[in-house]
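Numbered from 1 within each chain, the chains take letters A, B, ... in sequence-line order.
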Amino acid sequence: MTVTRPTPDDERGERGVGTPAPVRLTRDFFDRPAHQVAPDLLGRVLVHGPVALRITETEAYGVPGEDPASHTYRGRTARNAVMFGPPGHLYVYFTYGMHFCANLTCLPEGVGSGVLLRAGEVISGAERALARRTAGSARVVKHHDLAKGPARLAVALGFTREHNGLDACAPGPLAGLPGLPGLPELFVSPGEPVAPSSIRSGPRTGVSSAQETPWRFWIDADPTVSPHRAHVPRRR
DNA sequence: CTCCCGATTGTCT
DNA sequence: GACAATCGGGAGA
């Protein structure tokens, strides 16, 4: 991962001519509709402590009343409150009685939407990610499977309940170069945006409604992208 | 590789 | 009481 020292212009999210690329995405990046943010996140690098992940697959979830597949469809609750907060925050939820999944919130405070982080390529801290993925089991996990799927991604990055609400665009010193103090616990590096010709889109995975909405985005032919599964109603 | 199934609990109807 | 923005293991092709 390449990180460049920021300039004062970068701190304000304004790039002047000849200034280096900003170290991290600022809040305005996320203050857009989720279906616009989701493809734009591909190729970006999510950093949480020692683990860095190049995002390869995302899904957009829309605003209350308009997207029946979104956790916010029926309005604000205790669980989805973070999605109604300001953009650029981590929304972590618990599902299937055993898994955590992570989103980055979009649009301004009061509007509930976000992008589910579905898969990525671990580019730093792979040893830590592997230890988390194999803890308490003897199974073998290949490098490209470390974060293939939203629940696996959450494990690799160490996201659980306690990380719900974390700010990925926290203000503060941006001298977060390796070996220097001030590195935020959580941030998104701009990475290398993916060319539009390499971005694919299709129906979202595992959702029981709005299956015609093509709001799943992934990098074409990337080995870390998860297999698509249509929703399967559970029988009892 | 492709099905198919069970696990396990928070959340909302 | 139903079911979930999932995963890992096992059977079979």
For this session: Name all residues meeting the ring pair (Phe, Tyr, Trp, His ring centres under 6.0 Å) criterion together with A:Phe100; count only those two or more places apart in sequence or in a different chain, and write none if there are none.
Result: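 Listed in chain order: A:Phe94.
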Exercise. Of all residues at least two apart in sequence or in a different chain, which pass the ring pair (Phe, Tyr, Trp, His ring centres under 6.0 Å) check with A:His35?
Worked result: A:Trp215
Problem set entry | Rounded distance in Å between the C1' positions of B:dG6 and C:dC3 |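 B:dG6 and C:dC3 have their C1' atoms separated by 15 Å.
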Side-chain cluster (under 4.5 Å, hydrophobic types only) that [X] belongs to, other residues:
X	value
A:Val82	A:Tyr61, A:Met83, A:Tyr91, A:Tyr93, A:Leu116, A:Val207
A:Leu107	A:Val63, A:Val111
A:Val140	none

Problem set entry | Basic-acidic side-chain contact under 4.0 Å: A:Asp145, A:Lys148 | yes
How close or far is atom [atom2] of [N] from atom [atom1] of [X], stated in whole angstroms?
X	N	atom1	atom2	answer
A:Arg216	C:dT6	CZ	C1'	14 Å
A:Leu104	C:dA5	CG	P	18 Å
A:Phe100	C:dC7	CZ	P	14 Å
A:Glu59	C:dA4	CD	P	15 Å
A:Asp145	C:dT6	CG	P	16 Å
A:Leu117	C:dT6	CG	P	13 Å
A:Leu116	C:dT6	CG	P	7 Å

Exercise. Side chains of A:Leu104 and A:Leu41: closer than 4.5 Å at any heavy-atom pair?
Worked result: yes
For this session: Using the salt bridge (charged side-chain N to carboxylate O under 4.0 Å, His left out) rule, collect all pairs that involve residues 60-71 of chain A, keeping only residues at least two apart or in two chains.
Result: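 Sorted result for residues 60-71 of chain A: A:Asp67-A:Arg204.
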For this session: Among residues two or more places apart or on two chains, list those pairs meeting salt bridge (charged side-chain N to carboxylate O under 4.0 Å, His left out) that have a residue in residues 68-95 of chain A.
Result: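 Output for this query is empty, none listed.
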Atom pairs, protein N/O to nucleotides 8-11 of chain C N/O, distance under 3.5 Å:
| from | atom 1 | to | atom 2 | distance (Å) |
| --- | --- | --- | --- | --- |
| C:dG8 | OP1 | A:Arg133 | NH1 | 3.0 |
| C:dG8 | OP2 | A:Arg152 | NE | 2.6 |
| C:dG8 | OP2 | A:Arg152 | NH2 | 2.5 |

Exercise. With A:Ala119, which residues qualify under side-chain contact (heavy atoms from CB on, under 4.5 Å), at least two apart?
Worked result: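 Scan of A:Ala119 (side-chain contact (heavy atoms from CB on, under 4.5 Å), adjacent residues dropped) gives A:Thr56, A:Glu57.
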Exercise. Does A:Asp40 have any salt bridge (Lys or Arg N to Asp or Glu O under 4.0 Å) partners at least two apart in sequence or in another chain, and if so, which?
Worked result: A:Arg32, A:Arg44
Pick out the pairs of N or O atoms, protein on one side and nucleotides 11-13 of chain B on the other, that lie under 3.5 Å.
| from | atom 1 | to | atom 2 | distance (Å) |
| --- | --- | --- | --- | --- |
| B:dC12 | OP1 | A:Thr77 | OG1 | 2.5 |

Exercise. Which range-with-range stems can be found for DNA chain C when each stem has 3 or more Watson-Crick or G-U pairs in a row and both distances sit under 3.5 Å?
Worked result: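 In DNA chain C, stems of three or more pairs: B:1-7 with C:6-12, B:9-12 with C:1-4.
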Exercise. Within the modelled atom types, does a donor on one side and an acceptor on the other bring the side chain of A:Tyr96 and the base of B:dA7 under 3.5 Å apart?
Worked result: no
Exercise. Does the side-chain ring of A:Tyr61 lie flat on the base of C:dA5, meaning centres under 5.5 Å and planes less than 30 degrees apart?
Worked result: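 Stack criterion met.
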